[in-house]
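It should be emphasised that the depicted structure is a prediction, and the values quoted were computed from it without experimental measurement. Note that these values count all heavy atoms, side chains included, but never hydrogens, waters or copies made by symmetry.
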Amino acid sequence: MTIQTKIAAPPQGWDRRGLPGWTYHSPALLELEKEHVFRRSWQLACHVSDLPTPGSYITLDIVGERALVLRGQDGAIRAFHNICKHRGSRLVADEKGACRNALVCPFHGWVYNLDGTLRGPARPDTFPPLDKREFGLSEIDCEVWLGFVFIRFAAGDQPAVADLMAPYHEQLAHYRTDTAVPVGKLWTQTSPVNWKSVRDVDNEGYHVAMAHPALQDLYGSTYYDEPFVDGVCRSFATYNPHAGRRWSVRNYVKLSKNSIGLPETLEKAWIYYGLFPNNVIAVTPEAIQFYQEFPLSTGETLLRGAVYRYPEEDRRQRLARYLAARIDRDTMAEDVQLTVWSNEAMASKSFSSFFLSDLEYGVRTHHDHLRRALPVMTLDAAPAESEMETVNAALRLAPSAPLP
């Protein structure tokens, strides 16, 4: 299989500016982002192995919504709003767990079947007859693709996940992602930045040589980014022939091996697949992971992710995975600091705009996807907060114009 970039180089004369600084600290814009970007886009909730048996569930609180992802008695995975139809109480309080054959609301004791239908209210004699489906849990779009469980709170322009990720299906299928099992728990942490600053750093590898000594040792000049096209992107690197200056890299390269039948082009590769607006699936010969970010406010972001391994992992693979995790841990800490430094500038009057390298074209294409979703982000100057929604709606109705 040949590894082929979708776009070899940015177009001639491309606009090297990024989003204007005001888009990183506008509360009114953030509300539009929640509605038009996050709620209407697919979000990676978990992996099927996080829901191993009927009654297994995870919950996910993001952008003002509460989701419950649940495996039913029939083995199917479904997603619901984590809201009781009686008074709106949170139906399931834990982030992860399992129930026997029903969900019981902790407020008044309404009972729901694992397919979301209402089994019955407490004290049924105090209610008129209730339709089991009408008063069942409200379902959320849910799609399982190569073992990953995606949800979407509202209908949007994105096609099915399988259609979006079709360019990468053949390559990613080599990693047998549907057979993976969890390594520890789903993790979360917060960072004091706007969510876009996290994505800006993650969408380009120009900074790797300077900011990530372990990755630079591992990758060398083999790393490249593909831009966002139709909502997806990819970054690809193979092991540097001269890797090994750092202890973790030197020993990782020694231990890393192709034990799952990967083709030669992938047996020494680290690959990152991006799905707009905020999801990344990363694969190595030893492990699979996903990570993402969600806005908590204009200046605080929730980082979330999980790591998975192969069920037949041997000692050598386990050690290689441990060393890869050390490299990832250092890289993440370095990236968090970079996002803080970058985000600080967005509120400064001395910072006018980005001026992007050809190696940062992925940042530009992600910004272009945001501009298409929210054309108000094409404006260099911020509208009044009270007029943000109105201005954006008017721009959506205006004849399409080239992005700046």
Restricting to non-hydrogen atoms, name the atom on [X] and the atom on [Y] that form the minimum distance, rounded to 0.1 Å.
X      : Y      : result
Leu255 : Leu319 : CD1-CB, 3.8 Å
Val193 : Asn343 : CA-OD1, 3.6 Å
Arg16  : Asp358 : NH2-OD1, 2.9 Å
Asp217 : Ala243 : O-CB, 3.2 Å
Cys84  : Tyr112 : SG-OH, 3.3 Å
Leu266 : Pro285 : O-CG, 4.4 Å

Aromatic rings Phe290 and Tyr308: how do their planes relate, parallel, tilted or perpendicular, breaks at 30° and 60°?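 Plane angle under 30°, so parallel.
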Can you tell me how the ring of His367 sits relative to the ring of Phe354, calling it parallel under 30°, perpendicular over 60° and tilted otherwise? tilted
Heavy-atom count check: over 12 atoms from other residues, nucleotides or ligands less than 6.0 Å from Glu389 CD? no
Could you check whether atom CZ of Arg329 has more than 12 heavy atoms from other residues, nucleotides or ligands sitting under 6.0 Å from it? yes
Ionic contact status for [Y] with [X], cut-off 4.0 Å:
X      : Y      : answer
Glu134 : Lys85  : no
Glu286 : Arg309 : no
Arg364 : Asp368 : yes
Arg316 : Asp314 : no
Arg78  : Asp74  : yes

Is a side-chain donor or acceptor of [X] paired with a backbone partner of [Y] at a separation under 3.5 angstrom?
X      : Y      : value
Arg396 : Leu374 : no
Asp50  : His47  : yes
Thr298 : His25  : no
Thr365 : Gly362 : yes
Ser89  : Leu91  : no
Arg152 : Phe38  : no
Arg371 : Pro375 : no
Tyr310 : Tyr175 : yes
Asn251 : Trp247 : yes
Gln337 : Val340 : no

Quick one: [atom1] on [X] to [atom2] on [Y], what's the gap to the nearest 0.5 Å?
X      : Y      : atom1 : atom2 : result
Arg71  : Ser56  : CZ    : OG    : 7.0 Å
Ile260 : Glu267 : CD1   : CD    : 11.0 Å
Leu395 : Leu379 : CG    : CG    : 5.5 Å
Ile140 : Phe150 : CD1   : CZ    : 15.5 Å
Gln317 : Thr284 : CD    : OG1   : 9.5 Å
Leu103 : Leu137 : CG    : CG    : 7.0 Å

Is there a side-chain contact (heavy atoms from CB on, under 4.5 Å) between Leu70 and Leu114? Walk through the geometry before answering. CA-CA 7 Å; Leu70 174 70; Leu114 299 187; 4.2 Å; yes
Would you check if there is a donor-acceptor pair between the side chains of [Y] and [X] at a distance under 3.5 Å?
X      : Y      : value
His207 : Asp335 : yes
Asn203 : Tyr272 : no
Ser26  : Glu385 : yes
Glu300 : Asn194 : no

Partners of [X] by side-chain contact (heavy atoms from CB on, under 4.5 Å), sequence neighbours excluded?
X      : value
Pro213 : Arg246, Glu334
Ile83  : Arg66, His81
Ala384 : Ser386, Glu387
Glu95  : Thr59

When the aromatic ring centroids of [X] and [Y] are compared, is their separation below 6.0 Å?
X      : Y      : result
Tyr252 : Tyr239 : yes
Tyr361 : Trp14  : yes
Phe127 : Trp110 : yes
Phe276 : Trp42  : no

Less than 4.5 Å apart, any side-chain heavy atom of [X] and any of [Y]?
X      : Y      : answer
Trp270 : Ile327 : yes
Phe294 : Gln292 : yes
Ile271 : Tyr168 : no
Asp380 : Arg17  : yes
Gln171 : Pro167 : no
Trp145 : Ile281 : yes
Val198 : Leu303 : yes
Arg304 : Leu60  : yes

Leu370 and Val37: side-chain contact (heavy atoms from CB on, under 4.5 Å), yes or no, with the steps? CA-CA 8 Å; Leu370 287 172; Val37 176; 4.1 Å; yes
Can you name the residues that form a side-chain hydrogen bond (donor to acceptor under 3.5 Å, both in side chains) with Arg176, not counting sequence neighbours?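 Partners of Arg176 under the side-chain hydrogen bond (donor to acceptor under 3.5 Å, both in side chains) test: Glu312.
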By side-chain hydrogen bond (donor to acceptor under 3.5 Å, both in side chains) - contacts of Tyr206 (at least two apart): none
If we check side-chain hydrogen bond (donor to acceptor under 3.5 Å, both in side chains) with Tyr291, which of these qualifies: Asp328, Asn279, Asp202?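 When side-chain hydrogen bond (donor to acceptor under 3.5 Å, both in side chains) is applied between Tyr291 and each of Asp328, Asn279, Asp202, only Asp202 qualifies.
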Take His212 and Leu218, measure what side-chain contact (heavy atoms from CB on, under 4.5 Å) needs, and give me the verdict at the end. CA-CA 10 Å; His212 297 317; Leu218 179 65; over 6 Å; no
